[in-house]
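In what follows, chains carry the letters A, B, and so on, assigned in the order in which the sequence lines appear, proteins first and then strands, with residues in each chain numbered from 1.
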Amino acid sequence: MSINQLIFRSLRKNLKNYYLYVFALIFAVALYFSFVTLQYDPALNEMKGTVKGAAAIRAASVLLIAIVGVFLFYANAIFIKRRSKEIGLFQLIGMTKGKIFRMLTAENFILYYSSLIIGIFIGFAGSKLLLMILFKVTNIEAIATLSFSEKALVQTLVVFSVIYLFIMLMNRWFIQKQTILSLFRVTSTTEVKKVSVLEMLIGIFGLVLILTGYYVSSKLFDGDFATINELFLAMAFILGSVIIGTYFFFKGTVSFLFYLLRKRKGGYLNIGEVLSLSSLMFRMKSNALLLTIITTVSALAIGLLSLSYISYYSAGQTARNTVAADFSFMNQEDAKRFTEALKEKGIPYKEKVIDVIQVKADLTSILENVDSSILNVDLAAMPVPVIRDSDVETIDLPPDQTLFTGYQDYLAQFMPFKKSGQIQLKGKHEGIKLRYLGLEKTYYISYRFTYGFPTVIVDETIFERLKKDIDPKIQKESTVYIGIHISDEEKVEKADDMFQTMNFHAPADSRLAIISNQKYQFGLIMFIVAFLGLTFLITSGCILYFKQMDEGQDEQPNYTILRKLGFTQGDLLSGIQGKQLFNFGIPLILGLSHSYFAVRSGWFFFGTELWMPMLTVMLVYTALYSIFGILSVLYYKKMIKEAL
Amino acid sequence: MIILEASNIYKSYGNKFNKQEVLKGLDIRVEKGEFLSIMGPSGSGKTTLLNVLSSIDRVSQGMIKIEGKDIVGMKEKQLAEFRKNHLGFIFQEYNLLDTLTVKENVLLPLSITKTPKKEAEQKFAELATELGIYEIKDKYPNEISGGQKQRTSAARAFIHEPSIIFADEPTGALDSKSASDLLNKLQHLNRKRKATIVMVTHDPVAASFSSRVIFIKDGQVYTQLNKGNETRQAFFHDIMKTQGVLGGVQHEH
């Protein structure tokens with residue numbers, strides 16, 4: 001039998017081993033190729049120019065290479081390990097290592113490049129889907145057509161050929177360092193035998209590092225770090241301490257807790273503990289790094305996804321806060337022309353007219369920390385917009401009280417208000433002291449009056465007094481806000497089309513126009529981040545799943561023994577579920593917690609809503625991630641079933 | 001008292017067109033407290049018989065009763081339940097879990113029966129001392145010798161006091177010193193605890209430790225020998241003779 005025949009035969013016989021590897025490859029190629037196709041698509045040129053998208057996309061594609069590379073290396077490592085016996089056998093019958101390597105390389109070459117071609121086809125089909133999604137999130141109305149980009153093809157081929165070379169190098173190294181003996185013998189030693197004091201200390205140190213990181217992150221934008229350099233240092237510190245802490249956590253803390261738990265059992269373990277506790281301890285040391293990577297990658301993905309979703313999600317809220325209606329005007333005449341046009345088209349609407357005056361206010365006694373230097377305003381005489389309570393249906397205030405409403409979050413971070421207190425409104429001559437009742441979330445007038453500061457609501461009588469005593473210098477171009485609400489939600493778009501064609505004397509805003517502008521600006525970034533985030537998710541899920549497949553195969557003899565001893569499949573499966581809950585659950589929970597602190601430290605730069613978008617991202621991530629956990633349990637189920 | 005009774009059991013592998021009959025109408029009875037060996041040339045169906053008797057494999061036809069309970073008609077779950085309460089196993093490959101210490105391996109069958117911890121501890125101490133593995137109780141299987149592994153395996157089979165212990169070539173992977181060591185211990189436990197042992201072996205020396213030997217050939221019982229009041233040496237020679245007639249490979253002594 002010639003070596004060529006041998007190659008084809010082992011290829012055929014090994015297809016079962018290969019399918020995992022082939023899947024990983026096709027998936028990675030498809031992902032990369034579709035992204036690169038997008039990168040070179042002419043439809044994106046316009047967008048790239050607007051949001052510095054070119055740089056973002058290029059950075060993303062480099063990051064993608066890194067993820068895909070690590071992923072393929074890992075899949076290859078598992079794959080070659082599975083074939084170590086075969087390699088040993090070839091050596092035993094007298095094949096040189098060089099020859100075995102050439103054989104593996106040839107075998108791999110056929111497989112690698114055929115998967116590459118399939119992956120490129122799938123990627124090409126996928127890129128059209130991606131483009132459609134991209135157009136949707138950026139509110140661009142265009143038909144997604146794709147041209148096959150030669151540049152993208154060449155780039156993909158080059159990148160994956162380089163990865164192929166590296167994989168071959170890795171295989172070469174693997175074959176080189178193996179002896180015939182070690183290929184046949186699977187060394188199996190438990191990795192956590194005794195826990196030393198040092199490991200205990202490492203475990204505790206890990207926890208301390210994580211908590212310190214969390215603490216510093218919560219102080220990040222409180223003004224403790226004034227310069228950009230300090231800020232960067234602080235961020236690097238947080239990143240480092242949390243990642244190293246996580247590693248120590250897996251290496252020390254978990255081993256230590258497991259050890260204590262096991263010791264307390266005094267050798268009397270039940271089936272669940274046999275399959276979860278002892279099996280986890282058996283591989284704890286070598287798994288620590290992998291679990292740390294998975295945790296970090298998950299945290300990164302959840303964090304980035306949350307932030308970008310916050311900005312996207314907030315587009316609607318930001319627009320609503322900016323306009324405070326569907327359309328807003330500062331001029332009665334403009335409003336009248338627009339409403340007449342609405343009537344003509346038969347679009348029902350409601351009009352809201354609110355008088356707004358600017359009054360200087362002394363807010364010093366209700367501010368939490370009076371450090372006005374950052375904001376460059378005089379807190380004792382700050383101009384604020386004032387409206388009367390009768391213009392707001394739901395609020396009726398006594399003359400000596402006032403309510404604040406609508407305060408932008410990033411300002412609120414730097415200038416938080418107290419729950420209650422005393423303020424003074426200063427007209428040109430007269431000052432009026434009012435009891436401050438608190439801050440509400442609703443926005444009643446547009447950003448053009450407030451500039452992000454809260455609106456002050458006072459009793460009608462007070463409002464009249466202030467109006468008479470008005471200071472003309474600090475007034476905006478208008479003292480009246482006109483908000484138009486379209487009663488029929490479906491007709492807002494039609495009204496917006498009309499709005500776009502009309503010219504107005506004074507500044508006027510449309511909520512829809514602001515939303516689409518926001519989406520246009522953040523859409524591309526969000527798209528890239530979401531793409532990377534999903535790639536992170538899928539690759540880390542796959543890696544964990546592959547790892548579990550590997551472990552499952554290693555442990556199958558144990559399942560045989562246990563089933564012979566009289567444990568049912570159900571008994572074994574419940575133990576496995578416990579183990580998977582740890583393998584998938586702990587990195588997920590840590591990742592969620594890491595990303596929560598990361599997002600919390602700076603979310604207000606990205607939008608107006610924290611909880612809804614963040615929780616949505618976390619839930620979706622958890623759900624998608626759980627799929628891999630469930631898949632691995634199903635795989636184990638199969639292993640257990642076949643064990644007897 | 002008869003503890004295991006199998007009559008007219010058939011076992012065949014393969015499909016309709018390519019059928020291979022391994023067991024062809026075999027009858028076996030095992031008394032309580034007996035140490036029975038099953039011998040036969042390779043391919044005679046020894047291991048299949050043991051698998052079938054111990055409920056790991058199913059018969060194609062026939063009846064098997066253990067302690068009066070018919071195990072042929074039992075469902076998978078019932079069988080598992082039955083195995084863990086009534087049967088103990090010692091295999092040729094030691095079959096210990098690498099992830100567990102010696103003690104944890106031995107105590108495994110007790111965790112199913114919910115034996116109180118104190119009682120389990122006591123049972124372990126007693127049995128482990130008898131088998132000489134008490135000192136290595138906190139070691140992992142890869143840190144101990146083959147003989148120690150097999151004694152650990154034996155301890156696991158005895159710990160929950162099963163009705164029958166099945167041993168499949170328990171000395172197959174051991175050197176002669178460890179083998180006779182293990183067999184002495186098995187004999188001792190058989191006498192002291194009145195434990196019933198059914199052992200498959202091809203080694204006449206191992207078989208000579210038991211009280212009765214059944215020879216099977218081509219899926220049927222060929223003959224059987226009782227030790228009675230003979231010495232082990234005399235019994236060994238009887239076994240050798242029978243084996244010679246049987247057509248197995250003759251031992252030169």
Side-chain angles (χ1 to χ4, degrees), chain A residues 185-195 258-259 261-285 287 551-552 554-576 579 640-644, chain B residues 51 54-57 75-91 93-121 123-125 128 137-143 153 156-157 159-160 162 166 168:
Chain A
R185 193 175 43 210
V186 193
T187 44
S188 47
T189 46
T190 191
E191 288 168 354
V192 181
K193 276 183 198 144
K194 298 260 147 52
V195 173
F258 277 3
Y259 177 75
L261 202 64
R262 192 168 179 179
K263 186 131 199 228
R264 250 194 29 194
K265 295 276 167 189
Y268 199 32
L269 300 178
N270 66 36
I271 180 71
E273 290 151 357
V274 168
L275 285 176
S276 53
L277 194 66
S278 71
S279 161
L280 285 168
M281 280 173 81
F282 194 63
R283 298 191 175 76
M284 199 60 229
K285 289 258 162 70
N287 278 356
E551 272 183 29
D554 284 351
E555 282 186 5
Q556 206 184 20
N558 287 0
Y559 306 148
T560 312
I561 301 170
L562 288 168
R563 282 193 63 193
K564 277 185 183 170
L565 286 182
F567 291 98
T568 60
Q569 296 187 37
D571 291 338
L572 296 187
L573 204 62
S574 62
I576 291 297
K579 175 174 152 183
I640 292 171
K641 202 171 169 191
E642 287 168 358
L644 197 65
Chain B
N51 282 347
S54 62
S55 84
I56 290 174
D57 207 347
K75 294 220 173 62
E76 181 60 40
K77 242 195 172 145
Q78 285 173 296
L79 278 181
E81 190 68 28
F82 183 77
R83 279 203 293 276
K84 67 188 176 194
N85 291 321
H86 297 281
L87 307 184
F89 293 93
I90 308 170
F91 306 97
E93 329 78 47
Y94 319 112
N95 276 258
L96 299 176
L97 299 192
D98 291 334
T99 52
L100 302 182
T101 62
V102 166
K103 187 177 178 188
E104 285 163 349
N105 261 304
V106 172
L107 287 180
L108 206 52
L110 286 186
S111 74
I112 328 173
T113 50
K114 306 243 167 8
T115 315
K117 200 171 165 183
K118 211 170 167 187
E119 199 186 321
E121 198 75 33
K123 276 186 179 173
F124 173 76
K137 66 181 166 58
D138 288 324
K139 289 219 157 54
Y140 285 87
N142 64 313
E143 301 168 314
S153 189
R156 189 180 62 193
I159 188 101
H160 58 304
F166 290 100
D168 185 5

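The two residues B:Thr99 and A:Ser279 come nearest to each other via the heavy atoms CG2-CA, 4.2 Å. Scanning all heavy atoms of the two residues, the minimum distance from B:Leu108 to A:Leu562 falls at CD2-CD2, 3.5 Å.
A salt bridge links B:Glu104 to A:Arg262: one of the charged nitrogens lies within less than 4.0 Å of a carboxylate oxygen. With salt bridges taken as basic N to acidic carboxylate O contacts below 4.0 Å, one links B:Glu76 and A:Arg563. Comment: B:Asp138 does not engage A:Lys263 in a salt bridge, judged by the lack of any side-chain N to carboxylate O separation of less than 4.0 angstrom.
Proximity to chain A involves both the backbone and the side chain of B:Thr115, based on heavy atoms less than 4.5 angstrom apart. Looking at B:Leu79, neither its backbone nor its side chain comes within 4.5 Å of chain A, counting heavy atoms on both sides. Both the backbone and the side chain of A:Leu269 come within less than 4.5 Å of a heavy atom in chain B.
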Report the C-alpha separation of A:Asp571 and B:Lys77 in whole Å, then their side-chain angles, then the decisive distance to 0.1 Å, and conclude whether the salt bridge (charged side-chain N to carboxylate O under 4.0 Å, His left out) test is met. CA-CA 11 Å; A:Asp571 291 338; B:Lys77 242 195 172 145; over 6 Å; no
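The side-chain heavy atoms of B:Phe91 and A:Lys564, taken from C-beta on, include a pair separated by under 4.5 Å.
Exactly one of B:Lys84, B:Arg156, B:Arg83 qualifies for a side chain to side chain contact (heavy atoms under 4.5 Å, CB included) with A:Leu565. That residue is B:Arg156.
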